[in-house]
Amino acid sequence: MARARKVELAEALALGPDWRHACYALLHAPDPGILFGRLPLRYAILMQMRFDGRLGFPGGFVDSQDSSLEDGLNRGLLEQLGEAAAAFRVERPDYRSSHTGSGPRVVAHFYAKSLTLEQLSAVEASATRAKDHGLEVLGLVRVPLYTLRDGVGGLPTFLENSFIGSAREQLLEALQDLGLLQSGSISGLKIPARH
């Protein structure tokens, strides 16, 4: 597979009709929960286990009947996450980045949408009734944003999983840029290199 290359949105949209566009969204919400009475969860971030055994974000290809990238993304979210995804809409201000190289003549657009914990929990509850559950999507998973006392468990171990395309890099960039980690920086974590 070709190495992903970050491109500006205008450049991605100008690639021409022989390019396919896919859109994915990181859904996150503040989470006041405390794990084991000592580890603040701070945020809940959803990812999904895909049909190919890799982790990724919900979304998919934009079809010809979709009037915009965001219309295609929101349609994909309904298909993969169920009716609870109709309670919110991912829009252009939620856009974060675009990458080419995830496949032949494919450009992937990445978004991040802040939800309430109630909305995010409703998405988790409805996902098993979604059209694509058990087919394209095998289940949802929350990203652990903490590191256990051993310095390895939690986020560092989570990052050792297999991710589709640029999903791992997009996750790390979003954690940093959106300030979703306690320190606001990933530099102090023992983050394993991608294999």
Side-chain angles (χ1 to χ4, degrees), residues 3-12 21-33 35 39-50 54-62 69-70 72-74 76-77 80-81 85 88-102 106-117 119-121 123-124 127 137 139-147 154-195:
R3 180 94 174 119
R5 179 177 68 90
K6 199 170 192 176
V7 295
E8 295 297 321
L9 180 59
E11 180 185 354
H21 295 265
C23 296
Y24 303 95
L26 177 150
L27 304 176
H28 63 95
D31 187 345
L35 180 65
L39 291 171
L41 298 178
R42 298 193 67 245
Y43 292 93
I45 296 177
L46 289 186
M47 291 191 80
Q48 63 185 18
M49 177 62 68
R50 297 164 30 96
R54 293 184 277 186
L55 292 171
F57 295 102
F61 282 105
V62 177
L69 295 176
E70 293 79 19
L73 173 56
N74 286 294
L77 294 177
Q80 293 183 355
L81 302 176
F88 59 88
R89 187 165 165 78
V90 179
E91 297 288 356
R92 187 61 54 98
D94 302 312
Y95 170 81
R96 305 221 24 94
S97 63
S98 297
H99 289 82
T100 62
S102 60
V106 173
V107 59
H109 306 280
F110 183 59
Y111 296 74
K113 178 71 174 177
S114 180
L115 305 176
T116 66
L117 187 56
Q119 287 173 313
L120 189 130
S121 296
V123 165
E124 289 175 312
V137 179
L140 297 179
V141 61
R142 287 191 183 191
V143 177
L145 297 182
Y146 48 81
T147 301
L155 183 59
T157 298
F158 181 82
L159 293 171
E160 291 182 9
N161 285 295
S162 181
F163 292 80
I164 187 69
S166 300
R168 182 182 190 272
E169 292 77 14
Q170 290 166 331
L171 171 63
L172 291 171
E173 185 176 289
L175 291 177
Q176 178 96 20
D177 293 349
L178 298 173
L180 299 181
L181 290 177
Q182 182 132 13
S183 66
S185 171
I186 59 173
S187 60
L189 292 175
K190 294 178 186 171
I191 296 174
R194 185 172 187 173
H195 306 318

### Task
For the residue pair Leu27 and Phe88, establish whether any side-chain heavy-atom pair is separated by less than 4.5 Å.
yes
### Task
Would you mind reporting whether Cys23 and Val62 have side-chain heavy atoms less than 4.5 Å apart?
yes
### Message
Between Leu120 and Leu46, is there a side-chain heavy-atom distance shorter than 4.5 Å?
### Response
yes
## Note on the structure
Given the options Leu140, Leu26, Leu171, Met47 meets side-chain contact (heavy atoms from CB on, under 4.5 Å) only with Leu171
### Query
Looking only at atom types and distance, does a side-chain atom of Gln80 sit under 3.5 Å from a main-chain N or O of Gly59, one as donor and one as acceptor?
yes
### Task
Find the distance between CZ (Arg5) and OG (Ser166) and round it off to the nearest 0.5 Å.
12.0 Å
### Task
With side chain to side chain contact (heavy atoms under 4.5 Å, CB included) as the test, would you mind laying out the steps for Leu77 and Val123 before giving the verdict?
CA-CA 10 Å; Leu77 294 177; Val123 165; over 6 Å; no
### Query
What are the two closest non-hydrogen atoms of Tyr95 and Val7, and how far apart are they?
OH-O, 4.2 Å
### Message
Does Phe57 form a ring pair (Phe, Tyr, Trp, His ring centres under 6.0 Å) with Phe110? I'd like the steps, not just the answer.
### Response
CA-CA 9 Å; Phe57 295 102; Phe110 183 59; 5.0 Å; yes
### Message
Restricting to non-hydrogen atoms, name the atom on Thr147 and the atom on Pro156 that form the minimum distance, rounded to 0.1 Å.
### Response
OG1-CD, 3.6 Å
### Task
Give the minimum heavy-atom separation between Arg92 and Glu70, together with the two atoms involved.
NE-OE2, 2.6 Å
### Task
Identify the heavy atoms of Tyr43 and Gly179 that sit nearest to each other, and give their distance.
CE1-O, 4.2 Å
### Query
So do His109 and His21 actually touch side chain to side chain, heavy atoms under 4.5 Å?
yes
### Task
Report yes if the side chains of Met49 and Leu55 come closer than 4.5 Å at any heavy-atom pair, otherwise no.
yes
### Message
Please give me the minimum heavy-atom distance between Tyr24 and Gly60, naming the atom from each residue.
### Response
CE2-N, 3.7 Å
### Query
What are the two closest non-hydrogen atoms of Ala12 and Val107, and how far apart are they?
CB-CG2, 3.7 Å
### Query
Applying the side chain to side chain donor-acceptor pair (under 3.5 Å) test to Lys6, which of His99, Glu173, Glu169 qualifies?
Glu173
### Query
Got Leu175 and Leu155 here, is their nearest side-chain heavy-atom distance under 4.5 Å?
yes
#### Entry: Lys/Arg N to Asp/Glu carboxylate O, Arg168 vs Glu160, below 4.0 Å
no
### Message
Does any part of the side chain of Thr100, heavy atoms only, come nearer than 4.5 Å to the side chain of Glu11, both counted from C-beta?
### Response
no
### Task
Check for a donor-acceptor pair, side chain of Asp94 on one end and backbone N or O of Glu91 on the other, with a separation under 3.5 Å.
yes
### Query
Can you tell if the side chain of Asp31 reaches within under 4.5 Å of the side chain of Leu145, non-hydrogen atoms only?
no
